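Single-structure report; data block below.
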Amino acid sequence: MTTPEEHILEVLKGLPVLMTRSHRLFLSIPREDLIKTMNILSSELAIQHLSTITARDKGNDLELLYHFMLQGVVITIKTTCPKNDPTIDSIVTIFPSAILYEREIHDILGIVPRGHPDLRRLVLPDEWVGGYPLRKDWKPPAEQEAEE
Amino acid sequence: MGYVKLPIGPQHPALKEPENFTITLDGERVVNVDIRIGYIHRGIEKLMETRTYTQNLYLVERICGICSYAHVYNFTQNVEEILGLQIPKRAEYIRTLFLELERLHSHFLWLGVAGHEIGFDTLFMYTWQDREVVQDLLEMISGNRVNYAMNAIGGVRRDVSQEHRKKVLESMDYLEKRAEFYKNVAINEKTILARAENVGILKPQVALRLTAVGPTARASGISVDIRKDDPYASYLDTPFEVITTDTNDVLGRVVVRVLEIVESIKIIRYLMEHLPEGDILKKAPRKIPEGESISHTEAPRGEDIHYLHSNGTEKPDRYKVRTPTLANLPATAEMLKETYLADVPIIVAAIDPCMGCMDRVLLLKDGQEKPGELISGEQLRRYGIKWYAERGWNA
Amino acid sequence: MKTPGKMLPKIIGFIFRKPVTVRYPKERLTPPATLRGKMKFHLDRCISCGLCARDCPSGACTMHEIEAKKRPVFDLDYCTFCAQCAESCPKDAIEMTAEFELAHYKKGEAIVK
Amino acid sequence: MFKSLVKWARIKSPWILHMNCGSCNGCDIEILAALIPRLDAERFGVLLKGTPRHADVLVCTGPVTTQMKERLKRVYDQMPEPKFVVVVGQCGSSGGIYKGSYAVEGGIDTVIPVNAYVPGCPPRPDAIADGIIKLLASIKKGGKQ
Amino acid sequence: MERIDILLSIVYLLLFPGFLFLFAFSLFTEYLDRKIYARIQRRVGPPFLQPFADLVKLSAKEDIVPEKAEHFMFTAAPLIGLAAIFAAFLYLPIVSTTGLHSFNGDLVVVLYLLTIPTLAMFLGGWYSGNVFGQKGGMRVASLLFSYEIPFFLALLTPALLQGSWKMADITRFEATHPLEFVVSLLGFFIGLIALQGKLERLPFDIPEAETEIVAGPLVEYSGRRLALFRLARDAEMVVGAGLIAVVFLAGPEPILPLEPVYLSWLVAALVFLLKTLFVIFLLILLKSAVARIRTDQMISFAYQWLIPLTLVQIFIAIIVRFFGGI
């Protein structure tokens with residue numbers, strides 16, 4: 001019997017999959033390939049469980065991590081987008097539960113998922129004007145004003 | 001009288017935490033639900049980047065007061081993975097003990113809350129009284145009833161003595177009897193059945209598609225349990241079963257939780273009887289090398305996943321938390337459709353919502369899958385704000 | 001059988017039995033000895049290292065210069081009672097006691113020096 | 001005579017409204033735990049009410065997030081006089097562990113006047129009962145009428 | 001002689017068993033209700049004077065009329081409710097078989113008077129201008145018929161058996177025919193359940209379901225008016241339970257011919273009170289071990305079970321009467 005990891009590695013053969021420890025797989029892809037990869041995950045691996053989407057500020061780039069789970073194995077798809085063009089294809093049509101997580105990253109880091117059906121202001125209060133708090137160069141509104 | 005919009009929350013007796021469900025009603029039937037969360041967004045993720053790992057131990061605990069230990073466990077597991085630190089076996093067992101005690105207390109708490117939501121206050125009083133037994137154990141071992149501050153990076157801070165062991169085992173006997181009693185009440189009391197059976201239906205396919213987790217998913221017949229799928233702590237050693245039911249309704253969620261109480265009791269017995277000797281704490285450095293790690297655990301409410309990226313300093317570079325309640329929200333919106341107003345509290349309660357967890361980053365969720373079904377989400381929201389301002393009620 | 005009032009036969013007797021209530025404040029629950037309550041500070045053991053203030057997660061413990069000696073001052077309004085300060089202290093100058101009735105009327109009234 | 005009767009009634013019948021202004025739930029469940037058979041706050045006449053119109057004592061928890069600030073104020077304004085506020089937990093008292101976050105105000109008393117503080121994270125249910133008793137004692141002594 | 005009559009009337013109206021007594025007894029039943037409920041939950045429960053303290057405290061509180069509320073109706077609703085209850089109480093035969101103003105058909109008058117507090121509740125909720133209050137008011141109104149019909153019909157049974165609409169006659173008849181209770185046993189329980197619904201207590205506290213619509217019609221009420229509503233609720237419990245005690249359990253009967261006459265009145269009142277307390281006790285037990293049901297479930301319960309069963313009861317009564325009575 002093959003373990004879930006072996007099964008995944010078999011399907012994703014040819015892609016640069018990194019295994020840090022058992023049950024943890026990482027795969028870095030360019031952002032153009034995102035939808036293609038997601039389709040593979042969804043159709044060939046029959047993954048339905050998107051755990052969450054993490055985004056982080058790497059300095060000049062913003063890194064996105066899509067954490068999926070299949071039988072206890074966490075598969076993380078990594079991709080980046082530059083800070084001056086923070087857009088990414090939305091995966092809502094493939095994974096409906098991403099609707100929440102994409103709004104979250106839109107709100108706290110200002111990444112725009114293209115094709116997202118409902119991108120209302122969702123981070124922080126409605127009247128929030130202070131920018132994206134989880135970016136590294138972010139400062140609290142009070143400090144921003146003081147600098148100006 | 002046409003459609004009525006009823007705001008439940010942010011300050012509402014059904015929700016012990018501030019959230020807002022704007023419910024559109026046609027008579028007593030729910031036409032639409034708009035879920036607005038984020039009232040208790042405290043910016044913890046950003047705050048964590050400004051604190052040292054030691055300080056974060058306590059901050060991460062306060063993401064949520066009910067499943068606090070699951071969060072701390074995830075945090076320490078992440079840090080230890082990056083450090084490559086193997087913690088002592090005894091510490092591992094004590095951590096598992098706490099994870100399970102927490103599940104016990106959370107499930108008892110939930111039973112009471114569910115009883116309260118359907119007006120069964122006697123059940124609420126009884127389960128909470130029994131919950132005190134678990135709380136006493138937690139307090140006895142850790143020194144606090146809720147935020148235990150039990151973990152340190154590299155192990156646990158307090159040991160379990162012989163005396164504690166005896167007390168834990170005694171309490172388990174009592175709790176097992178009580179769990180049996182509640183099971184009987186839940187599946188035989190007619191008025192509970194009237195409120196729980198065929199209420200809040202969540203079909204397995206829908207549950208999978210909307211990534212329901214924890215007892216919510218297991219009540220829809222999906223056998224998902226991180227403790228089995230990706231064993232952490234000492235779950236590999238411990239024998240236990242994953243409880244599922246296939247009724248897909250609130251009653252199923254009650255039964256799953258009651259049976260999980262029984263399973264937890266079994267696990268705790270095993271742990272207490274096989275507690276290995278040895279150290280409980282290994283010294284860890286203050287600076288954590290660069291790296292990244294993902295940790296997920298089966299919190300009482302479902303899969304709780306944390307991501308840590310460290311950059312070689314004393315403070316984390318990015319810490320991300322996704323809590324089970326957030327994952328269950330889309331499913332809740334689905335369950336609420338076409339139900340009665342009276343069922344709203346119990347359906348919401350059935351996922352065991354823990355808004356404190358969810359709101360550490362702010363989110364705004366619109367329950368409508370298809371915007372513009374009644375009026376668009378944006379209009380609805382504007383209307384809601386205006387409504388509050390006009391009525392001055394609790395907005 | 002599935003009937004309403006299933007619990008009633010089992011619980012009706014409680015009307016005539018003694019309630020389980022602990023009549024606080026007349027009677028008291030005995031808190032366990034491990035309880036993390038109000039801390040006690042031993043000035044004679046303190047070496048003014050400041051480790052407690054460095055590790056305090058909530059800024060309850062701050063270093064102040066009192067009578068020509070740097071020493072920690074604890075404000076209970078900030079304290080999370082995590083006992084990290086007691087753990088960080090190399091000289092065991094901080095000790096947690098089981099005292100937990102700390103309610104007060106004004107902010108800043110509950111200070112441990 | 002009538003005045004002292006009213007005072008007596010006020011001390012004997014504190015109805016509470018519990019409001020979470022962004023706490024982690026720890027304090028909230030401990031407040032509820034003060035109502036259960038173990039401590040039974042109804043002995044002091046405490047009833048947990050759902051609407052601010054019925055309540056005498058507002059029991060607040062949490063560091064007051066930006067979003068809850070206005071709502072806390074409004075709930076406080078809706079309560080009929082005389083009203084009292086008890087803060088439970090360290091984050092409600094001062095912002096505590098969340099101090100410095102962009103999303104919190106830092107303490108209930110930055111928004112509304114507070115009559116009593118109960119430190120702890122979270123306090124034991126008996127400590128919360130102690131807070132209520134101390135509040136009632138201060139009403140008895142005079143305090144706010 | 002006449003002067004003494006007037007004096008007695010005043011005493012009857014104001015002191016015993018009139019307003020003051022009803023006031024005190026209502027508060028006592030609330031205490032009893034909360035205490036027994038607490039004891040079933042293994043708690044100590046409130047102290048003896050708790051309901052009184054609540055009442056005094058509420059009366060001394062600030063009284064807010066929300067801007068959105070219709071001022072007149074909002075203020076009048078609790079008074080209407082309380083007045084109707086107090087009026088209904090006067091007709092109950094308490095100290096003797098006659099009551100103060102006993103006449104043929106007083107049973108029907110009391111039944112109608114008992115409907116008014118419900119309507120007052122609806123009006124209060126509706127005019128409070130709050131969406132929860134309106135929702136609660138709607139629920140009050142929509143549930144009205146589901147318990148009013150069985151309540152009326154169930155209370156008819158003894159009247160049918162006896163052939164009179166006068167409560168005094170009914171109690172007298174019951175005192176002499178104890179078997180009558182057995183025949184109308186079903187009606188007694190239906191009356192109890194319907195009364196529970198009328199009082200909006202568990203499992204029928206749908207109009208003020210705390211976890212759904214906060215406090216229903218009472219959401220905007222504060223201070224004095226809330227106190228009046230609470231008092232009306234307690235008094236309604238006393239009067240409703242008293243009515244059931246009168247109609248099914250023979251009220252103050254059997255009356256002992258004691259000398260002087262007020263001693264026999266006192267004993268009669270005591271008997272009546274004990275019977276009322278028994279009914280209230282049953283109501284409390286019913287409350288303590290059930291969950292709240294839904295509006296639709298309550299309506300279907302009323303139409304599927306309560307009403308047909310009441311009709312069965314009435315049928316039994318008619319047959320018994322047809323074959324020569326008991």
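If you're wondering where the values come from, they're calculated on a predicted model, not measured in any experiment. Every chain is numbered from 1 and lettered A, B, ... according to where its sequence line falls, protein lines coming before strand lines. As a basis for the values below, the full set of heavy atoms in this structure was taken, side chains included, without hydrogen atoms, waters or symmetry mates.
By the neighbour-count criterion of 12 heavy atoms within 6.0 Å, atom CD of B/E241 is sparsely surrounded, having that number or fewer from other residues, nucleotides or ligands. Within a 6.0 Å radius of CG in A/D85, other residues, nucleotides and ligands contribute more than 12 heavy atoms.
Proximity to chain B is limited to the backbone of A/A55, based on heavy atoms less than 4.5 angstrom apart. Proximity to chain B is absent for every atom of A/F95, based on heavy atoms less than 4.5 angstrom apart. Only the side chain of A/L65 comes within contact range of chain B, judged by heavy atoms closer than 4.5 Å. With a threshold of 4.5 angstrom between heavy atoms, A/T76 approaches chain B through side-chain atoms but not through N, CA, C or O. Only the side chain of B/I226 comes within less than 4.5 Å of a heavy atom in chain A; its backbone stays farther off. For B/I305, the part lying under 4.5 angstrom from a heavy atom of chain A is the side chain only. A/R56 touches chain B through backbone and side chain together, each having a heavy atom under 4.5 Å away. For a residue to count as touching a neighbouring chain, one of its non-hydrogen atoms must lie under 4.5 Å from one of that chain's; by this rule B/N311 does not touch chain A.
When the side-chain contact (heavy atoms from CB on, under 4.5 Å) test is applied to A/L15, the partners found at least two apart in sequence or on another chain are A/L12, A/V17, A/L27.
Taking the charged nitrogens against the carboxylate oxygens, B/K320 and A/E104 do have a contact shorter than 4.0 Å, which makes a salt bridge. Under a 4.0 Å N-O distance rule, the pair A/D89/A/R31 does not qualify as a salt bridge.
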Assess whether side chain to side chain contact (heavy atoms under 4.5 Å, CB included) is satisfied between A/N60 and A/K83, documenting all intermediate values.
CA-CA 6 Å; A/N60 293 327; A/K83 232 177 193 171; 5.8 Å; no

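Cation-pi geometry between B/K228 and B/F240 is met: the NZ or CZ atom falls under 6.0 Å from the ring centre, inside 45° of the normal.
Chain A forms more heavy-atom pairs under 4.5 Å with one residue of B/I294, B/V224, B/V213, B/D225 than with any other, namely B/I294.
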